[in-house]
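Data block below; observations after.
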Amino acid sequence: MVVDYSSPNMAKQMHVGHLRSSIIGDTLANLFAFLGDEVIRQNHIGDWGTQFGMLIAYLEEMGEDGRGSLSDLEQFYKDAKGRFDADKAFADKSREYVVKLQGGDVHCLHLWENFIDKSLGHCEEVYSKLGVNLTREDVRAESSYNDELAGIVTALDDKGLLTLSDGAQCVFLEGDEHPFIVQKSDGGYLYATTDLAAIRHRVHTLGADRISYVVDARQAGHFRQLFAVARQAGFAKPDTRLEHVSFGMMLDKSGRPFKTRDGGTVKLIDLLEEAVIHAKEAITSREDYSDEELERIAEIVGIGAVKYADLSIHRDSNYIFDWDKMLSFEGNTSLYLQYAYARIQSILRRHEGEVSGAITLTTDPERALALKLLQLEDMLHRAAAESLPHYITTYLYELATLFMKFYETSPILKDDVDETTRQSRLQLSILTAETIRQGLGLLGIGVLDRL
RNA sequence: GCGCUCGUAGCUCAGCUGGAUAGAGCACUCGCCUUCUAAGCGAGCGGUCUCAGGUUCGAAUCCUGACGGGCGUACCA
């Protein structure tokens, strides 16, 4: 199966809006793979379009080796746009470069490749910090389908699906007010065309029997049409499962789309750095760690908190972005789970000798914990069937809560605990720790032996 | 206008596809560290599940309508 997620635009820096697709998609890909599916990750990056003419013209001006100028893509884009608006000659050159680029001009292609490479490098930096398992091998850029677009339109025509309307090639779907446009009146193709080419490639070349698109809910209409057309055209087979794994938007406290104070977008890398700083402050006040240790723990705790805050919410709902909540360490948070894990590791460190023997359940806390442990597999299948990552977080939180109660009521290493009970409780603790570790692992969140 | 989606405690959210007195966290009030990590645990406070009908033995959950929020509505992605 194919999971299509993240899909950043190469012209812009990744901002908080890209967070959800990246981590929801990654979690689902991890989950499907864990359950035994053959998963092909696809990062359908946006690397084509008119703005690239402007960007490569500006890159050329700045000197293409000038890495400094590209270190902040957001600023680079703004500067390029400023040049474009202010300087007519530059604007003309930008338009000329778009045409040359699309015509395969070597010089422009070289500039463009350089630009994409740098931009993708920024994304990879974010993926690495986020613990998202996307590599260059998963990248299948929009532009890579360019040569197939004409063939897509021809194939639709052969099927008798096309109608010329106002000069544009359209597929009219029954019951839809608007058609699915695959070729503009000026002859240009659209992302709808590219998406069709991508489906055909995924089904017929990659052999996908299920394709999950992790894209925000605003594009629901597009995907509904895309899937219908893909089936009618035979790009997808009748039994190919196509699904739009939609998710809601990030809103601010007053319920409007989330922006910074000055109306800009919050860069993802800044959010992550902020989270690590916050985690560092919280950790420092608690215990003495070496600088190295502090850095490592803050990274795992801080990034985990951000990811968990997002993944623990039903993906369909719009959610309110709140620094305090996102960086919170109380209640249903990643730290609670990491804390439970660390407590167990502490017990295991103190215990000397082997752990063996049967698990015997005699008390209510033991039974409740064991019962929850047994529900893991069922939960994972439900999460996969519905593509809902928050089932995992809810489960882990419930598990950790039950462990905390067990921990409070059920001594393990105390002198007055008999050996049979001790072994049983150790086994329960180990199973709990392993379940938390694996569960958080699916979310791409790490655990710590000490906290 | 039409379409999609959401409306559950003061706030942020769950609610396993129709089952028993609707659950958490935060906030607020109390209590628990000489014994395995108090970033924890226990107790309390707090909801006519937006409203009105309907289906059902049974509805937060399904259907219809109203009200309210968000999003989308052909040649951007």
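This structure is a prediction, so every number in the text was calculated from the model and none was measured. Residue numbers begin at 1 in each chain, while the letters A, B, ... track the order of the sequences.
- Cation-pi geometry between A/R200 and A/F235 is met: under 6.0 angstrom from the ring centre, within 45 degrees of the axis.
- The residue A/D416 sits apart from the nucleic acid: no heavy atom pair falls under 4.0 Å.
- Checked by atom type and distance alone, the side chain of A/S410 never pairs as donor or acceptor with a backbone atom of A/Y407 at under 3.5 Å.
- Side-chain proximity of A/Y339 to B/rU37, B/rU35, B/rC71: nearest is B/rU37.
- Residue contacts for A/A342: at a heavy-atom cut-off of 4.0 Å it reaches a base atom on one of the strands shown.
- Not one N or O on the side chain of A/R224 forms a donor-acceptor pair closer than 3.5 Å with the backbone of A/Q219.
- Note on A/Q219: a base of the nucleic acid sits closer than 4.0 angstrom, heavy atoms only.
- Among the atoms of the strands shown, base atoms are found under 4.0 Å from some heavy atom of A/E177.
- Side-chain atoms of A/S165 come within donor-acceptor range of the base of B/rA74, with a qualifying N/O pair under 3.5 Å.
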Sequence neighbours excluded and cut-off under 3.5 Å, please list the side-chain donor-acceptor pairs for residues 152-168 of chain A, or say none.
residue	atom	partner	partner atom	Å
A/T154	OG1	A/A150	O	2.9

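- Summarising the geometry of A/T362 relative to A/R367, their closest heavy-atom pair is O-NH2, 3.4 Å, with the distance given to 0.1 Å.
- Distances from the side chain of A/M404 to the nucleotides B/rG40, B/rA14, B/rA39 place B/rG40 closest.
- The distance from atom CZ of A/R437 to atom CD1 of A/I430, rounded to the nearest 0.5 Å, is 12.5 Å.
- One finds a side-chain N or O of A/Y336 lying less than 4.0 angstrom from the OP1 or OP2 phosphate oxygen of B/rC41.
- Across all strands shown, A/T163 has no heavy atoms under 4.0 Å from either base or sugar-phosphate atoms.
- If you take CG of A/N318 and C1' of B/rC4, they are 12 Å apart, rounded to a whole angstrom.
- Under 3.5 Å, the side chains of A/E142 and A/T194 contain no donor-acceptor pair of N or O atoms.
- Stem analysis of RNA chain B (at least three stacked-register Watson-Crick or G-U pairs, each with both distances under 3.5 Å) gives B:1-7 with B:67-73, B:10-13 with B:23-26, B:28-32 with B:40-44, B:50-54 with B:62-66.
- Here A/H222 lies out of heavy-atom contact (under 4.0 Å) with every strand.
- In textbook terms, a nucleotide whose glycosidic angle is within 90° of 0 is syn, and B/rC33 is one such case.
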